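The model shown is predicted, which means the values in this text are computed figures rather than measured ones. Residue numbers count from 1 along this sequence.
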Amino acid sequence: MRGLFSYRSALLILLLGVFTYLYGLDSRFAPKNGDEYPYMHIVRMTAEVGNWLPLQSEMDGIKNTKPPLIFWQGIASTHWASQWSLANLRWPSVLYTGLTAFFLFLAVRRFSGKTQTGLLATLVWLSFFATYRYGRPFLADPPEVFWISLPFMALLYWGKCAFESKFFFPLLAGICFGLALFAKSFAYIAPATFALSLYYWRWRQWSIPKTLTHDLYKVCIAGILALAVFALWFAFDPNPEAVWQEFVLGENAGKFAARNSNYFLDLVRGGDSVWLLLLTTVANAGLFTFVLISTLWQCWRERRFLSFEEVLLLLLIAAFLIVFTLPSQRSGRYLLPVMPAFAALIALHWERLPLWGFRIALLLQILILSLLLWIGANLQFSGLMGEVYSWTYSYCHWILMAGSLVIALVGLFKYQQTKTLALAACFLTYCALTSSLAPLEGQLGRYSTATIAQLQGKDIWIPCDFRAKDEEYRLLLPDTKLHGYPAKDASDVNGLTSSYPLVAVQVPLGSTPVLCDSCEIVGQRMEMRARHSNEEIMEILQGQVSKNLFVNEYLVATSVAKPVASDLVNVKDVCR
């Protein structure tokens, strides 16, 4: 009975998973994608105008970057940007992720006949790092994954009733696919309808004539209805020509242009090759990557004995892989809608999977937890952070870190519990990461109330390493006028203070900037740097954490004259 997954274990890990996805939901340091900043910008700008369409943006070339559903979601959840916070922007994403997990549970429980297997599929999918990274922030992925997955999970749940449905299921699938397109891109109609065709083909015992006769029109209904839903954007937008140019031609058709040498060479080599697509798709599983590899290997070995449902799950994965090898820009992120299928396969093979994949997961978890422990201890005992840890937080944090490490170690050596503890430790590792950065969400990483009040309505120059990064600073300095300069210049104190009247500068942790006589510090906080060079990463690994990973940020008022409005318009804002 090695690897048996009990009800008690499932319920405990489920509670842990729910806590993990809610803990630190409003964190600026939550694992995410840089697209969140431009999306926030478009929501805020559109909400300020007061109309649902057209979408508004101050960024060159980034306005109609995605269909409006995701932005309407942000407008609604923030009450037209009047309740502006990361938590309000992100909670619908968590809701979508929760609904996907719930329907995955229902589908797998139905066709497997085991509640534990359904719960296990849900927990495995939630444990994937890609689910955690893209399923919580304000991104288009959570609604896309939910609406694309729902028809395929319905086929697994209803079986014959859905496959033989002449109109109801095709209409349901068309509406679901349409909402997915309205949230992400019309391009997803290709893999979605291709996968649906393969499902019907398998249902007809691989008979092409029967599939064409009985099911082709169903796929056509679903595809046409989905595109009709997407076309509502053109019908409602006052400027459909801009949508066509920016989204259809720029955002989508442009992905077929050769990115390096030529299309065929890019297909087999380089950063956009099909091999890297396969690698990044499997790596979406994060800590469970090698568990997924062992599952796929077992599926291959048992290919003649796979169940009907397992074949359907593999067909869904194959359809998306085949379609997304065609664009010249290839990314494992495009395969997020098939990650629930991967999780279901792992759950179905759970008891027969070898332990080596889970032990690698545990070793990775131990490595990450040890690194977090080392960085946290290095900072706390260095004295550079001051008294930022309350007794209660410090006590709970170190218990979490130590407990997580102990659980991972027990799982590594107690083989009867290896699989269950490896799954639990995924969520504990995410919690440990959030807890380690929690002090920066409080007083340590924010400007004081007095500073915020003093700077109301003023122009401030801040470092930008992503487009629309000022949307994050807007949470720290509300009701100010923010302008960006290159983040690589943030440590050039003399250059910045001689160029801008009110500017944020950064210096190594524990030091203060050397300022001119007329300069005045009006606020300070601690920040974590991003986008390190290879040399800086090596220095961090050698123990120079305070020098490279964290910085002190100071807001400095200078005697430089404030630029007039026309100058601000003419100067390129790096955040834009």
For R204 and E164: C-alpha separation, side-chain torsions, deciding distance, then whether salt bridge (Lys or Arg N to Asp or Glu O under 4.0 Å) applies. CA-CA 10 Å; R204 301 299 176 186; E164 297 294 345; 3.3 Å; yes
Side-chain donor or acceptor of T325 paired with backbone N/O of V274 under 3.5 Å: no
Do the side chain of H41 and the main chain of E58 share a donor and acceptor less than 3.5 angstrom apart? yes
Is there side-chain contact between V124 and W350, with at least one heavy-atom pair below 4.5 Å? yes
In sequence, state the C-alpha distance, the side-chain angles, and the governing distance for F230 and F182, and then conclude on ring-ring contact (aromatic ring centres under 6.0 Å, His included). CA-CA 5 Å; F230 175 79; F182 209 55; 7.0 Å; no
Nearest heavy-atom neighbours spanning P340 and V145: CG-CG1, 4.4 Å
Hey, is E472 close enough to K32 for a salt bridge, meaning N to O under 4.0 Å? yes
Apply the test side-chain contact (heavy atoms from CB on, under 4.5 Å) to residues L321 and T281: give CA-CA distance (whole Å), side-chain angles for both, the deciding distance (0.1 Å), then the verdict. CA-CA 9 Å; L321 273 172; T281 299; 4.2 Å; yes
Parallel, tilted or perpendicular: which describes the rings of F358 and F288, with under 30° parallel and over 60° perpendicular? perpendicular
How about CZ on F247, more than 12 heavy atoms from neighbouring residues, nucleotides or ligands closer than 6.0 Å, or not? yes
Plane angle bin for F427 and Y430 - parallel if under 30°, tilted between 30 and 60°, otherwise perpendicular: perpendicular
Interatomic distance, F128 atom CZ to T289 atom OG1 [nearest 0.5 angstrom]: 8.5 Å
Side chain to side chain, L150 and L99, heavy atoms closer than 4.5 Å: no
Going by atom types alone, do Y96 and E144 pair a side-chain donor with an acceptor below 3.5 Å? no
Spacing of OH belonging to Y37 relative to CD1 belonging to I62, to within rounding of 0.5 Å: 14.0 Å
Between L196 and P151, is there a side-chain heavy-atom distance shorter than 4.5 Å? no
Cationic tip of R90 above F138 ring, under 6.0 Å, 45° of axis: no
Check for me whether the distance between the ring centres of Y132 and Y21 falls short of 6.0 Å. yes
Quick check against the 3.5 Å criterion: does D141 have a side-chain atom that pairs as donor or acceptor with the backbone of Y134? no
Scanning both residues in full, the closest heavy-atom pair of A319 with P191 reads CB-O, 4.2 Å
How close do A432 and L369 get, heavy atom to heavy atom, and via which atoms? CB-CD2, 3.6 Å
Is the backbone N or O of S112 less than 3.5 Å from a side-chain atom of T117, with the two atoms forming a donor-acceptor pair by type? no
Disulfide (SG to SG under 2.5 Å) against C176, all qualifying residues, sequence neighbours excluded: none
Distance (rounded to the nearest 0.5 Å) between Y199 OH and L155 CG: 7.0 Å
Does E246 pair with K63 as a salt bridge, N-O distance under 4.0 Å? no
Pairwise side-chain contact, P68 with W52, heavy-atom cut-off 4.5 Å (strictly under): no
Give the ring-plane orientation class for Y188 versus F324, where under 30° counts as parallel, over 60° as perpendicular and anything between as tilted. tilted
Does the T78 side chain pair with the main chain of N88, one donor and one acceptor, at a distance under 3.5 Å? no
Going through the checks in order, is the side-chain contact (heavy atoms from CB on, under 4.5 Å) test met by W125 and T97? CA-CA 10 Å; W125 179 65; T97 299; 3.7 Å; yes
Assess whether atom CH2 of W206 is packed by more than 12 heavy atoms of other residues, nucleotides or ligands within 6.0 Å. yes
Heavy atoms of V43 and I75 approach each other most closely as CG1-N, 3.8 Å
Closer than 3.5 angstrom, by distance alone: can the side chain of S294 be matched with the main-chain N or O of V291 as a donor-acceptor pair? yes
A side-chain contact here means heavy atoms from C-beta on lying under 4.5 Å apart; do F194 and L198 qualify? yes
Taking the inter-plane angle between the rings of Y200 and F169 on a 0 to 90° scale, is it parallel (under 30°), tilted (30 to 60°) or perpendicular (over 60°)? perpendicular
According to the interplanar angle, ranging from 0 to 90°, do the rings of F152 and F177 count as parallel (below 30°), tilted (30 to 60°) or perpendicular (above 60°)? tilted
Out of L306, L292, T295, which residue meets the side chain to side chain contact (heavy atoms under 4.5 Å, CB included) rule with L345? T295
Full working for ring-ring contact (aromatic ring centres under 6.0 Å, His included) between F308 and F111: CA-CA 10 Å; F308 173 74; F111 73 74; 9.4 Å; no
Sidechain-backbone polar pair: N51 side chain, L53 backbone, donor-acceptor under 3.5 Å: no
Hey, what do you get for CG (L216) to OG1 (T211), rounding to the nearest 0.5 Å? 9.5 Å
Are side-chain heavy atoms of L86 and L25 found at a separation under 4.5 Å? no
Treating K419 as the side-chain partner and L353 as the backbone partner, does any N or O pair qualify as donor plus acceptor under 3.5 Å? yes
Reported CZ-to-CG distance for the pair R330 and L278, which is rounded to 0.5 angstrom: 10.5 Å
Could you grab the distance from atom CD of E471 to atom CE of M45, nearest 0.5 Å is fine? 9.0 Å
Heavy atoms of other groups near W356 CH2, more than 12 under 6.0 Å: yes
Between D470 and R576, does any side-chain N to carboxylate O distance fall below 4.0 Å? yes
Could you tell me which non-hydrogen atom of G34 sits nearest to which non-hydrogen atom of P38, and how far apart they are? O-CD, 3.0 Å
Is the closest side-chain heavy-atom distance between L227 and I189 below 4.5 Å? yes
How far apart are the C-alpha atoms of L89 and M40, what are their side-chain angles, what is the distance that settles it, and do they pass the side-chain contact (heavy atoms from CB on, under 4.5 Å) test? CA-CA 8 Å; L89 284 166; M40 291 170 63; 3.7 Å; yes
Working for side-chain contact (heavy atoms from CB on, under 4.5 Å), residues R467 and C575: CA-CA 5 Å; R467 295 190 76 173; C575 291; over 6 Å; no
What I'd like to find out is whether the side chain of Y39 reaches to under 4.5 Å of the side chain of N33, using heavy atoms alone. no
Minimal heavy-atom distance between E441 and R28, with the atoms involved, is OE2-N, 3.0 Å
Tell me whether R333 is salt-bridged to D35, with the criterion being a basic N under 4.0 Å from an acidic carboxylate O. yes
Could you tell me whether the side chain of T280 and the main chain of G332 form a donor-acceptor pair under 3.5 Å? yes
Under 3.5 Å: donor-acceptor pair, side chain of T429, backbone of Q365: no
For S77, all residues meeting side chain to side chain contact (heavy atoms under 4.5 Å, CB included), sequence neighbours excluded: W91, P92
